[in-house]
Number of protein chains: 2
Amino acid sequence: MKKPSKKPVTLADIAAQAAVTPMTVSRVINGNGYVHAETRERVLRVAREMNYRRNGLARGLKRQRTETVGMVIGDIANPFAAELSRGVREVLEEHGYTLFICISEHNPKEDVQAFNSLADHRADGIIVATRASKTGNERLEELIESGVPVSLIGRDFRHAHADLVTADHLKGGYEATRHLIQLGHKRIGFIGVSLTQGLRLRRFQGYLEALNEHGLTVDEKLIVGGRENAEQMPGYSTEEMGCDGMLKLLELKERPTAIFARNDFTAMGALNAIKRSGLRIPEDIAIVGYDDIPLAAHTSPTLTTVRQPTREQGRTAAEFLLGRIEGDREQPRCERTFQCELVVRESTIPLTEASVTQTRKRQKKTA
Amino acid sequence: MKKPSKKPVTLADIAAQAAVTPMTVSRVINGNGYVHAETRERVLRVAREMNYRRNGLARGLKRQRTETVGMVIGDIANPFAAELSRGVREVLEEHGYTLFICISEHNPKEDVQAFNSLADHRADGIIVATRASKTGNERLEELIESGVPVSLIGRDFRHAHADLVTADHLKGGYEATRHLIQLGHKRIGFIGVSLTQGLRLRRFQGYLEALNEHGLTVDEKLIVGGRENAEQMPGYSTEEMGCDGMLKLLELKERPTAIFARNDFTAMGALNAIKRSGLRIPEDIAIVGYDDIPLAAHTSPTLTTVRQPTREQGRTAAEFLLGRIEGDREQPRCERTFQCELVVRESTIPLTEASVTQTRKRQKKTA
DNA sequence: TTCGGGTAGGTTAACGTTAACAGAAACGGT
DNA sequence: ACCGTTTCTGTTAACGTTAACCTACCCGAA
């Protein structure tokens with residue numbers, strides 16, 4: 001006896017069928033208040049039979065919270081973002097919240113739209129993992145000030161009432177670079193930023209700092225790959241950036257002996273460009289990536305990279321957010337910075353005199 | 001004069017401030033009905049000053065639609081899913097709909113939860129891009145029958161009132177395999193399924209069909225990699241599956257001369273396992289992947305693979321869904337199957353007698 | 001002058017749920 | 001027998017928005 005019901009079943013429908021008031025049904029569904037065992041059974045049976053589903057809109061409207069959290073991500077295909085979202089979900093689920101994800105495609109306009117959508121639909125809080133932008137930050141500030149709980153991950157933006165989770169990429173970049181320096185490298189290229197825009201990228205600052213502290217001069221020709229408008233270019237992937245950037249570096253008269261790439265995808269692009277040119281890794285050129293994506297352990301050679309505790313960052317951001325949602329929304333900012341860890345694999349080995357000479361020979365051949 | 005307002009601003013607040021009724025404010029905000037130009041300006045000014053944001057819950061409750069679409073994805077880090085979601089978003093945005101994404105982590109239970117969350121929050125429709133499962137399909141059927149518009153992508157499940165978009169993976173798998181056969185390969189391995197479970201995977205069926213049609217026997221020893229419970233194993237990535245599977249194949253007395261991998265990640269895992277063992281690609285072992293993810297053009301050697309029109313699938317699914325939402329929800333199923341395309345790159349070349357002998361020699365050395 | 005139609009706005013009542021309160025019955029202790 | 005407490009259920013009034021209906025004015029045509 002199934003009806004091809006058009007309108008969804010409401011509490012009132014169940015109430016009528018079970019000969020009680022909607023309020024009683026509500027109590028049964030939510031399991032609060034006193035309801036006689038017999039009544040409860042009857043109501044539950046009817047609800048099941050009618051295939052009842054609560055109306056989250058009405059419920060949210062009345063209760064002034066939706067038990068829903070929104071997360072804004074720049075790029076859905078990024079394993080880093082994926083891992084973050086797993087951490088977030090783990091925590092939210094434990095507390096009965098649902099996660100809805102919005103994608104901004106690294107576009108500030110879409111960023112703002114995502115914030116608005118989530119705010120309009122009254123998500124109880126928002127986790128933001130997109131890169132900072134002027135318009136985005138402005139809108140975010142308004143939201144925070146209007147009382148929406150916000151938790152930021154790795155976004156270069158601070159607000160007294162928005163929590164913040166980051167990893168220490170300055171140190172991460174520093175240690176990656178120092179690792180190469182300690183292996184004997186003096187000409188270390190960086191792929192993935194333009195010199196003008198790159199200063200906002202912490203890991204790049206770390207690179208510069210390491211060079212300076214070890215008395216190496218920064219050679220602008222060794223810094224390649226950041227197209228200013230790369231983010232607007234659809235389909236211009238970061239591995240392409242790594243490949244293109246590396247090719248540029250290989251054309252130099254004085255080639256770098258080591259590469260620090262902005263992230264693992266860029267590193268993999270560079271890695272393949274190097275192989276394609278007939279040079280060997282790590283003997284001819286060493287390479288360090290960033291993020292330690294799963295694939296980094298499965299390239300050949302496997303990739304030395306910098307790992308950040310990604311899932312933990314997601315978990316922490318979610319915990320901060322829940323603290324704000326269920327506690328004092330006006331409480332001062334919680335902030336936590338995670339440490340990164342250099343993971344040494346096969347793509348970096350000490351630079352020996354032998355390999356240097358060998359490189360010179362090859363260079364002549366190629367030229 | 002900013003107030004640290006706790007409660008969000010409502011139409012009534014604006015109405016009071018602008019000396020009109022909430023209804024008039026509603027008309028201004030939504031731009032329908034007659035409102036005097038002066039009044040409109042005044043209301044808009046007040047709304048802006050008070051930083052008004054419509055309450056999507058109340059609005060949705062009253063209008064019985066939220067202009068929101070949910071999409072359920074198995075794995076957020078998958079470039080294929082990412083591209084799908086881009087296509088979906090493109091279309092939705094044109095029509096003023098917002099996309100919320102739920103992740104099921106390839107877990108049927110989470111799948112059902114995602115369906116429920118979206119239905120409870122009254123998304124106007126749901127796009128499902130997760131793998132079929134018993135519980136998932138059951139719940140989906142209930143939803144569809146209760147009138148929720150549903151559009152499926154590549155899910156092995158049919159319903160008279162749910163639209164369906166797929167690519168012809170049977171043919172894709174067939175052509176990938178035939179390509180290898182035409183290159184002269186006779187021992188072609190498949191990585192990524194267990195024989196028992198694999199029959200549901202269309203591309204694997206295509207593989208079997210191609211072998212049969214060309215008079216090659218299917219050797220069970222050449223089919224590896226599908227752990228029955230791989231999906232429940234957290235952190236067991238598909239590239240790991242490719243690597244492990246390949247290692248198993250390399251141990252065989254009679255090694256395959258070509259590999260067809262379930263997807264590009266698996267192929268990359270296999271590719272690196274082969275390199276690590278000292279064999280060459282494609283001379284010693286040829287390899288074909290599936291999906292044509294961006295990285296496939298940047299491995300070394302670049303990867304021969306099967307491309308499916310991913311973004312188009314997303315777009316079509318979204319168009320079907322909107323047709324159902326804005327048109328007749330009971331209309332018969334729309335169905336569209338896209339064709340796949342073999343993309344030949346460097347990882348496959350003709351198998352020559354020379355390379356066969358060479359392989360034999362190497363095999364002796366290794367052994 | 002009357003009438004039709006466009007313009008400008010207000011009034012009412014829902015959408016589905018639940019917080020808050022209220023009434024009544026049942027129970028246990030003195 | 002009486003009173004306080006626990007159990008069970010019902011009533012009312014919101015939450016914020018908008019569809020539907022209604023009133024009133026103004027303007028030009030008949």
Side-chain angles (χ1 to χ4, degrees), chain A residues 5-44 46-47 50-68 119-124 146-148, chain B residues 5-44 46-47 50-68 119-124 146-148:
Chain A
S5 56
K6 286 221 159 214
K7 293 282 129 200
V9 181
T10 70
L11 290 186
D13 298 334
I14 298 175
Q17 200 71 28
V20 289
T21 54
M23 192 58 228
T24 301
V25 182
S26 170
R27 278 193 269 255
V28 171
I29 300 290
N30 293 293
N32 54 21
Y34 292 109
V35 180
H36 193 84
E38 251 174 58
T39 315
R40 183 190 353 270
E41 288 315 312
R42 180 159 36 98
V43 168
L44 279 178
V46 173
M50 300 182 80
N51 207 351
Y52 172 76
R53 283 265 113 202
R54 68 159 65 117
N55 184 328
L57 302 178
R59 188 178 156 91
L61 177 60
K62 176 64 191 170
R63 311 208 332 185
Q64 299 290 73
R65 64 210 166 81
T66 54
E67 264 144 15
T68 273
D120 286 0
H121 290 281
R122 297 299 189 264
D124 290 339
S146 74
V148 180
Chain B
S5 56
K6 287 222 155 209
K7 293 282 127 199
V9 181
T10 69
L11 289 186
D13 298 333
I14 298 175
Q17 199 72 26
V20 289
T21 55
M23 194 58 229
T24 303
V25 182
S26 170
R27 278 194 268 254
V28 171
I29 301 289
N30 293 294
N32 54 22
Y34 293 110
V35 180
H36 194 85
E38 253 174 55
T39 315
R40 185 190 352 270
E41 287 315 312
R42 181 158 36 95
V43 169
L44 278 178
V46 174
M50 300 181 80
N51 205 353
Y52 172 76
R53 282 264 114 203
R54 69 159 64 118
N55 185 327
L57 301 179
R59 188 178 155 90
L61 178 60
K62 178 62 191 166
R63 311 207 334 185
Q64 299 289 71
R65 63 208 167 84
T66 53
E67 264 144 15
T68 274
D120 287 359
H121 291 282
R122 296 300 189 261
D124 290 339
S146 74
V148 180

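Convention: sequence-line order gives letters A, B, ...; per-chain numbering from 1.
- The side chain to side chain contact (heavy atoms under 4.5 Å, CB included) search around B/T68 returns A/H121, B/T66, B/T98, B/F100, B/A123, not counting sequence neighbours.
- For DNA chain D, the stems formed by at least three consecutive Watson-Crick or G-U pairs, with both atom-pair distances below 3.5 Å, span C:1-30 with D:1-30.
- At D/dT17, none of the side-chain N or O atoms of B/R54 fall inside 4.0 Å of OP1 or OP2 (strictly under the cut-off).
- With sequence neighbours left out, B/T39 forms a side chain to side chain contact (heavy atoms under 4.5 Å, CB included) with B/V20, B/T24, B/V35, B/H36, B/R42, B/V43.
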**Message:** Generate the contact string for nucleotides 21-28 of chain C. Rules: B means base contact, S means sugar-phosphate contact only, - means no protein heavy atom under 4.0 Å.
**Reply:** --------
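- Scanning all heavy atoms of the two residues, the minimum distance from A/D13 to A/P8 falls at OD2-O, 4.0 Å.
- Atom CG in B/N55 sits about 16 Å away from atom P in C/dG16, given to the nearest Å.
- Every residue two or more places apart in sequence or in another chain that forms a side chain to side chain donor-acceptor pair (under 3.5 Å) with A/N30 is listed here: A/S26, A/R59.
- Checking the phosphate oxygens (OP1, OP2) of C/dT17, no side-chain nitrogen or oxygen of A/R63 falls inside 4.0 Å.
- Residues passing the side chain to side chain donor-acceptor pair (under 3.5 Å) test with A/R53 are B/D120, sequence neighbours excluded.
- Checking C/dT18, D/dG16, C/dC15 against every side-chain atom of A/N30, the shortest atom distance belongs to C/dT18.
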Every protein N/O lying under 3.5 Å from an N/O of nucleotides 5-8 of chain C:
from: C/dT7; atom 1: OP2; to: B/Y34; atom 2: OH; distance (Å): 2.6
from: C/dA8; atom 1: OP1; to: B/H36; atom 2: ND1; distance (Å): 3.3

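- At C/dG16, one or more side-chain N or O atoms of B/Q64 fall inside 4.0 Å of OP1 or OP2 (strictly under the cut-off).
- For DNA chain C, the residues of residues 17-26 of chain B within the heavy-atom distance limit of 4.0 Å (strictly under) are B/V20, B/T21, B/M23, B/T24, sorted by number.
- Here B/E67 pairs with B/R63, B/R65 under the side chain to side chain donor-acceptor pair (under 3.5 Å) rule; sequence neighbours left out.
- Here the CG-OH distance, from A/L11 to A/Y52, works out to 4.0 Å after rounding to the nearest 0.5 Å.
- Across all non-hydrogen atoms, the minimal contact from B/M50 to B/V9 is O-CG2, 3.2 Å.
- In terms of heavy-atom proximity, B/G60 sits nearest to A/L57 at C-CD1, 3.6 Å.
- The side chain to side chain donor-acceptor pair (under 3.5 Å) check on B/R40 picks up nothing, with sequence neighbours excluded.
- Every residue two or more places apart in sequence or in another chain that forms a side chain to side chain contact (heavy atoms under 4.5 Å, CB included) with A/A58 is listed here: A/N55, B/L61.
- Following rounding to the nearest Å, A/L57 (CG) and C/dG16 (P) show an atom-to-atom distance of 10 Å.
- The minimum heavy-atom distance linking A/A12 with A/P22 is given by the pair CA-CG, 4.2 Å.
- Comparing D/dT17, C/dT17, C/dC15 by their nearest atom to the side chain of A/T10 picks out C/dT17.
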